[in-house]
Protein chains: 2
Amino acid sequence: MAKQYEGPVRIKDIADRAGVSTGTVDRVIHGRGRVSEENERKVKEAIASLDYEPNILARSLARNSNFEIGIVIPKFSTDSFWMSQVNGIEKALKNIRDFGFSIRFLEFDDQVHGDMLKHLTTIQTEKFDGLLVAPTITDDAHVFLNTCEEQDIPYMLVNTNLEREDDLLVGYVGQNSFQSGLLAAKLLSLVTSNKGVLSIFHMEKEVDNSEHMLQKEKGFISFFKEKKRKPQDVLVHRLPIMTTTTNFKNSVKKFLKANPDVSGIFVTTSRIHFLSKVLKKLEREDIVIVGFDLIKENVAALNSYEKMFLINQNPVLQGYAGLMSLFDFLLKKKAAKRLQYLPLDVITKENLSAYLDTNSTIFEHYK
Amino acid sequence: MAKQYEGPVRIKDIADRAGVSTGTVDRVIHGRGRVSEENERKVKEAIASLDYEPNILARSLARNSNFEIGIVIPKFSTDSFWMSQVNGIEKALKNIRDFGFSIRFLEFDDQVHGDMLKHLTTIQTEKFDGLLVAPTITDDAHVFLNTCEEQDIPYMLVNTNLEREDDLLVGYVGQNSFQSGLLAAKLLSLVTSNKGVLSIFHMEKEVDNSEHMLQKEKGFISFFKEKKRKPQDVLVHRLPIMTTTTNFKNSVKKFLKANPDVSGIFVTTSRIHFLSKVLKKLEREDIVIVGFDLIKENVAALNSYEKMFLINQNPVLQGYAGLMSLFDFLLKKKAAKRLQYLPLDVITKENLSAYLDTNSTIFEHYK
DNA sequence: AAAAATTGTGTGTACGCACACACAGAATTG
DNA sequence: CAATTCTGTGTGTGCGTACACACAATTTTT
């Protein structure tokens with residue numbers, strides 16, 4: 001009773017079996033109407049009994065349609081983290097270009113509140129088929145995404161997750177910020193042998209408007225709640241972004257004078273390289289530090305500061321997976337997983353070179 | 001001077017530019033000959049200057065051929081490492097099925113010398129378009145791969161790298177065994193603070209026939225050469241695979257009696273869970289151990305033995321990347337990178353759950 | 001030296017499959 | 001009976017592939 005293999009079923013086979021033309025079958029498949037009930041029934045029966053599945057290659061080729069995806073991320077020309085994201089995005093693009101996908105960058109300055117909104121008119125005027133958005137500034141992002149909803153444009157979030165009830169929200173890809181805070185706490189705890197006081201540095205202007213930083217803080221603190229250490233053992237310190245290096249150095253100096261028993265510091269951004277330099281100058285290299293992202297300044301810091309860990313968010317993979325999810329959503333009409341968390345890679349001076357060697361190659365051939 | 005975007009370059013564009021027909025362009029692309037030097041030069045110039053890349057959809061559709069790939073790996077029904085490889089392979093297959101790819105498993109027992117060779121007649125009789133081979137047993141593998149050469153079947157190596165001068169060798173994907181030995185040495189060295197003697201356990205029947213184990217040993221030892229520690233500080237110990245657990249326990253016991261100052265052991269296989277159990281029984285949990293692979297027995301070991309590290313080879317990614325490389329090679333006629341090293345993930349009790357959470361999702365949507 | 005056969009070089013075009021438009025014929029309406 | 005709507009067919013398109021064929025240049029045969 002095994003079904004005999006007759007090669008892939010084509011639309012022509014359906015047409016023959018139902019006694020109609022391929023055009024009619026096509027209209028049934030796409031619900032374009034203009035088919036008598038009688039024929040529609042026959043065609044559906046034929047599709048079911050022959051177990052027809054359209055050839056996705058021929059479909060894409062024939063449709064000959066273009067999908068334009070807008071990439072809404074912080075300006076990347078000067079930022080190696082976002083440059084890596086673009087890297088991943090372009091790798092994904094290479095894979096899906098033949099399917100008619102093209103991209104357009106809509107950069108904004110994430111240090112300027114409201115700058116993201118300058119792209120609102122572009123979104124409204126041109127018709128994008130999808131957007132890849134890094135909602136780094138929470139309130140701006142919500143305004144922006146509300147407009148996407150109005151324009152009926154599906155969007156994918158990267159790097160920072162926002163909770164929104166929205167059918168057009170394809171999903172989120174990035175790190176689990178809460179988990180990364182937890183991991184940072186574990187690392188500091190392990191290496192300092194639970195001695196001294198630990199601290200969180202938020203080195204960023206708008207902390208309360210940065211969802212991922214808040215999540216990292218929560219994760220960090222929750223580790224100590226579990227371990228029954230007193231909450232007083234954790235200091236949260238908010239530093240505005242440095243206007244001058246001297247400025248920053250002085251505020252760290254003041255902080256250490258007030259808290260001489262600090263044994264570890266968790267920096268919730270990629271700006272940890274500023275801290276490592278200052279600690280060296282202040283001769284406080286006994287302090288263990290944990291920060292984020294394998295940008296080049298941090299690679300240098302890792303090599304010169306002994307007690308330092310980096311947690312990498314794998315920006316290349318983020319960009320790659322982000323665009324691919326939109327592809328899946330638009331072409332296969334397949335919902336992406338709502339939350340795609342990427343691995344938290346721990347990098348030390350020791351495994352740095354192996355990490356750099358290997359991670360560049362894993363996308364070589366994704367199709 | 002920016003290059004204007006004119007839509008995808010088609011084969012017709014090349015033909016126009018070179019002043020020939022599409023057929024001629026096609027013959028140049030595929031090296032089918034019958035093209036004058038003059039025209040060949042013109043076509044190649046046009047391809048280069050227009051940055052032509054063939055539309056992979058149209059190519060597959062037109063070629064209308066099937067590719068059958070043989071998967072030659074150790075039997076996976078009872079082995080969770082190879083099961084994960086199959087997992088990755090099947091994920092890759094899902095992506096490339098529409099391009100006419102199908103697979104067929106040719107399993108062998110890697111604990112039985114020569115078992116791999118039972119598939120030789122299959123290779124010779126049926127015509128495979130490509131093979132994905134795990135050359136775990138060196139001499140068997142060479143015999144096998146020589147036959148591939150005779151049959152003109154391109155092959156991709158996974159998990160274990162072999163040096164072969166061979167145009168049909170597409171590439172290798174897996175870990176850098178030498179580097180992983182180096183990393184193991186670093187970890188042990190760090191945690192034991194350079195006190196005591198370190199040892200390598202090869203828990204496998206045929207060590208000299210397992211290229212990756214030999215490489216791990218070399219990497220491990222080279223670390224200490226750099227650090228100017230005396231070679232005597234490293235003991236290499238070869239254990240045959242255990243016939244009975246008691247048997248194994250006794251040989252470990254004997255080893256520890258002879259070498260009471262051992263502070264760390266590097267196990268070059270995934271069988272580290274046997275060792276952790278024995279050390280617990282012998283009350284030598286002071287010994288730090290490093291081993292390979294996140295198989296379920298090792299996950300359990302990780303949770304019950306404090307001083308243990310695992311280096312993961314990411315089998316899912318290996319299988320995935322292996323098959324995708326063959327796809328690239330056969331369809332895009334693009335040579336894969338000869339060596340694709342995957343990241344060396346260090347896993348401890350601490351980051352285990354985050355690792356398990358995240359790593360499953362990254363293939364969701366690769367196309 | 002002429003004719004025939006062989007080789008070299010190149011063009012034209014029918015696939016593969018799904019899509020979508022132009023159009024034809026039938027049924028329905030006014 | 002003409003005009004409109006509905007239903008369905010035919011066919012050109014997207015792009016690359018690969019075969020059939022044409023024509024020229026060269027070699028071989030007579």
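Every chain is numbered from 1 and lettered A, B, ... according to where its sequence line falls, protein lines coming before strand lines.
- Taking 4.0 angstrom as the limit, A:Arg59 places a side-chain polar atom (N or O) nearer than this to OP1 or OP2 of C:dC19.
- Projected onto DNA chain D by closest heavy-atom contact, A:Thr22 and A:Glu40 fall at different nucleotides, the more 5' of which corresponds to A:Glu40.
- The CG atom of A:Asn55 sits 10 Å away from the P atom of C:dC19 (whole-angstrom rounding).
- For C:dG8, the base has no donor-acceptor partner in the side chain of B:Arg34 [N/O atoms by modelled type, under 3.5 angstrom].
- B:Phe76 and B:Phe105 have their aromatic ring centers within a separation under 6.0 angstrom.
- Under 4.0 Å is where a charged nitrogen must lie from a carboxylate oxygen, and between A:Lys42 and A:Glu38 at least one such pair does.
- In this structure, A:Ser21 reaches the bases: a heavy-atom distance under 4.0 Å links it to at least one base atom across the strands shown.
- Under the 4.5 Å side-chain criterion, counting only non-hydrogen atoms from C-beta, A:Val173 is not in contact with A:Ser325.
- We find that B:Asp13 and B:Arg17 are not joined by a salt bridge, their nearest charged nitrogen and carboxylate oxygen being 4.0 Å or further apart.
- Put simply, CZ on A:Arg32 is 15 Å from C1' on D:dT7, counting in whole angstrom units.
- Comparing the helix axis at one end of the helix from C:dA1-D:dT30 to C:dG30-D:dC1 with that at the other, each defined from 5 consecutive pairs, gives an inter-axis angle of 60° (nearest 10°).
- Using a 4.0 Å heavy-atom distance criterion, A:Thr24 is classed as a base contact.
- With respect to A:Arg164 and A:Glu149, a salt bridge is recorded, a charged nitrogen being found less than 4.0 Å from a carboxylate O.
- In summary, B:Arg104 and B:Glu126 engage in a salt bridge, as defined by a charged side-chain N under 4.0 Å from a carboxylate O.
- Within 4.0 Å of B:Ile11, counting heavy atoms only, lie sugar-phosphate atoms of the nucleic acid but no base atom.
- For A:Arg10 and C:dC19, the CZ to C1' distance is 16 Å, given to the nearest whole Å.
- Residues B:Ala62 and B:Arg27 both approach DNA chain D. Their nearest nucleotides, taken by heavy-atom distance, put B:Ala62 toward the 5′ side.
- Counting non-hydrogen atoms under 4.0 angstrom, A:Val35 reaches the backbone sugars and phosphates but no base.
- Rounded to an integer number of Å, the gap from CG of B:Asn39 to P of C:dG10 is 4 Å.
- D:dG16 atom P lies 12 Å from atom CZ of A:Arg97, rounded to whole Å.
- The distance between atom NE2 of A:His30 and atom C1' of D:dG8, rounded to the nearest whole Å, is 18 Å.
- Remark: B:Asp166 engages B:Tyr155 in a side-chain hydrogen bond (donor to acceptor under 3.5 Å, both in side chains) (not counting sequence neighbours).
- D:dT17 atom P lies 6 Å from atom CD1 of B:Ile29, rounded to whole Å.
- Looking at heavy-atom distances under 4.0 Å, B:Ser60 makes no contact with the nucleic acid at all.
- Dashed line: the shortest gap from a side-chain N or O of B:Tyr52 to OP1 or OP2 of D:dG16 is under 4.0 Å.
- Taking atom CG of residue B:Asp26 and atom P of nucleotide C:dA14, one finds them 17 Å apart after rounding to whole Å.
- Checking B:Ala58 against B:Glu38, the closest nucleotide of DNA chain C that is more toward the 5' end is the one next to B:Glu38.
- Heavy-atom neighbours of B:Lys118 NZ from other residues, nucleotides or ligands within 6.0 Å: above the threshold of 12.
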